[in-house]
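Just so it is clear, the values below take in all heavy atoms, side chains as well, and ignore hydrogens, waters and symmetry mates. One-based numbering, in listed order, for ligands and for the atoms of each.
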Amino acid sequence: MRIQEKYLKQARRIHQESPVVDAHFDLAAEVCERCLTGEQGVVERRYLPYFEKAGLNIVVSSIFINNRDLPELGLRKALGQITALKEDVEPVNDRICVTASRAELDENLAAGRISILLSMEGLDPLGNDLSLLRTFYNLGVRGAGLTWSRRNAFATGCCTAGQFREIPGGLTELGKEAVRKMERLGMWLDVSHLSNDGFRDVCDLTEQPFMASHSDAWAVNENYRNLIDAQIREIAGRGGVIGLNACGYLTGIMPETTTPAEQEADAALLRLCEHAEHLIRIAGPAHVGYGFDLCKGLEDATPRIRFETENYDVLAHHGEMVKLTALLLQRGMDTEAVKGVVGGNFLRYYRRILK
Ligand SMILES: [Zn+2]
């Protein structure tokens, strides 16, 4: 599969001239782990060149806590991740900074500065104490999923991407209260990792549009981390956005090694396009974006964690976003639709939710 030069050129232009967003990246957890070993300037050295190459305007960093750190270390780790990320980018705040308001977001866009938005991948650091949600809000957190793929005081998660089973259980009373509180504060609700029962509860409860920051389509790859068509329609119908996930488990193509042969890498990229195209077919072009969930960096930074098997990121780094955008264009996606997917749709959503 050859991506033609004219589409690469068009994609590069879109990435430089239109908003570009990655709605899910485990950046804070990685920075925190690396800082513990004495590394400095993690974002500047490891990521900023790729971010700038991709013309990235907004990256959402998750606050993600491993099972092994719960429950006792959840709060400490979450605070540590936020602190580490802010300190790490401080020397380069003229190029990238943690952002928490609509005005600041617009200012950064105008100045060509990258905004990092913070979102909790599970409210586990709160324990059972919902009052701490405002504490995290005050630290700049503007989005959250109730739970990662596990059960906590707020909700039941779906199974992890490497498993295949439906897990029953939805939102707890505390979880419902958390959703209402998030809406009052001006935080977005992320349903990636939520169980199907939980998704239904959210639909019954929410008044604001909610989103799935990093989930693909069940119709293309049957995986409980992915969204069925009815869920895709619900999110879109309420004004939310779905972020396309580039994790091999979710796309459904997991090469034997993390450095596959060219043909295998091409097949994986094609599959990612098929997910994007299906999501757009069901949701419409205004409700799909990028939420790549690139995991390699965090996996490399935390060698002690045993993942089921090593994950495969379809895009090796953010510099490769342009390749995907070019392929979407080459496969016939309308230019305006592509601009929305690349970032316009998530930008519109964040502007709507942020105060
Ligand atoms: Zn995730």
Side-chain angles (χ1 to χ4, degrees), residues 21-33 59-70 74 77-78 81 85 116-125 141-152 154-165 167 187-196 198-199 202 210-218 221 223-227 231 235 240-252 254 272 275 279 288-302 305-315 318 346:
V21 178
D22 180 0
H24 185 89
F25 189 34
D26 293 327
L27 186 60
E30 180 187 346
V31 168
C32 190
E33 288 292 332
V59 58
V60 178
S61 171
S62 64
I63 312 297
F64 172 73
I65 313 298
N66 272 299
N67 285 340
R68 63 165 180 188
D69 290 326
L70 291 170
K77 286 275 175 183
Q81 288 180 16
L85 182 59
I116 302 174
L117 298 174
L118 299 177
S119 181
M120 295 175 82
E121 192 162 14
L123 292 181
D124 309 75
V141 174
R142 289 296 176 270
L146 296 173
T147 182
W148 186 69
S149 291
R150 57 188 163 225
R151 189 169 281 143
N152 66 15
F154 302 92
T156 297
C158 64
C159 64
T160 61
Q163 300 172 325
F164 188 85
R165 64 196 174 100
I167 299 177
M187 293 174 70
W188 70 79
L189 175 65
D190 186 347
V191 296
S192 285
H193 287 284
L194 192 59
S195 66
N196 286 333
F199 191 102
V202 164
F210 59 88
M211 55 109 106
S213 65
H214 58 304
S215 294
D216 288 329
W218 169 279
N221 179 41
N223 184 307
Y224 282 99
R225 269 283 285 107
N226 287 339
L227 300 164
Q231 292 172 328
I235 293 172
V241 184
I242 298 155
L244 182 69
N245 194 319
C247 149
Y249 278 121
L250 297 199
T251 61
M254 275 291 284
L272 193 56
H275 279 281
L279 289 172
V288 180
Y290 289 160
F292 293 127
D293 194 13
L294 304 184
C295 294
K296 187 95 177 69
L298 179 59
E299 283 189 10
D300 288 351
T302 47
I305 300 171
R306 267 186 55 237
F307 285 84
E308 290 147 306
T309 58
E310 208 175 345
N311 180 46
Y312 171 68
D313 293 335
V314 178
L315 306 175
H318 286 85
F346 267 120

(request) May I ask you to check if any N/O/S atom from His24 comes under 2.8 Å of the Zn ion (ligand 1)? (result) no
(request) Nearest 0.5 Å please: distance from the CD atom of Gln81 over to the CD atom of Glu33. (result) 8.0 Å
(request) Check whether any side-chain N or O of Ser149 sits under 3.5 Å from a backbone N or O of Gly157 as a donor-acceptor pair, and report yes or no. (result) no
(request) Can you tell me, to 10 degrees, how wide the angle at the Zn ion (ligand 1) is between NE2 on His193 and OE2 on Glu121? (result) 90°
(message) What verdict does the side-chain hydrogen bond (donor to acceptor under 3.5 Å, both in side chains) test give for Ser215 and Arg225, after you've listed the backbone C-alpha separation in whole Å, the side-chain angles of each residue and the deciding distance to 0.1 Å?
(response) CA-CA 6 Å; Ser215 294; Arg225 269 283 285 107; 3.2 Å; yes
(request) Can you label the angle between the His24 ring and the His214 ring as parallel, tilted or perpendicular, going by 30° and 60°? (result) parallel
(message) From the N, O or S atoms in His214, identify the one nearest to the Zn ion (ligand 1).
(response) NE2
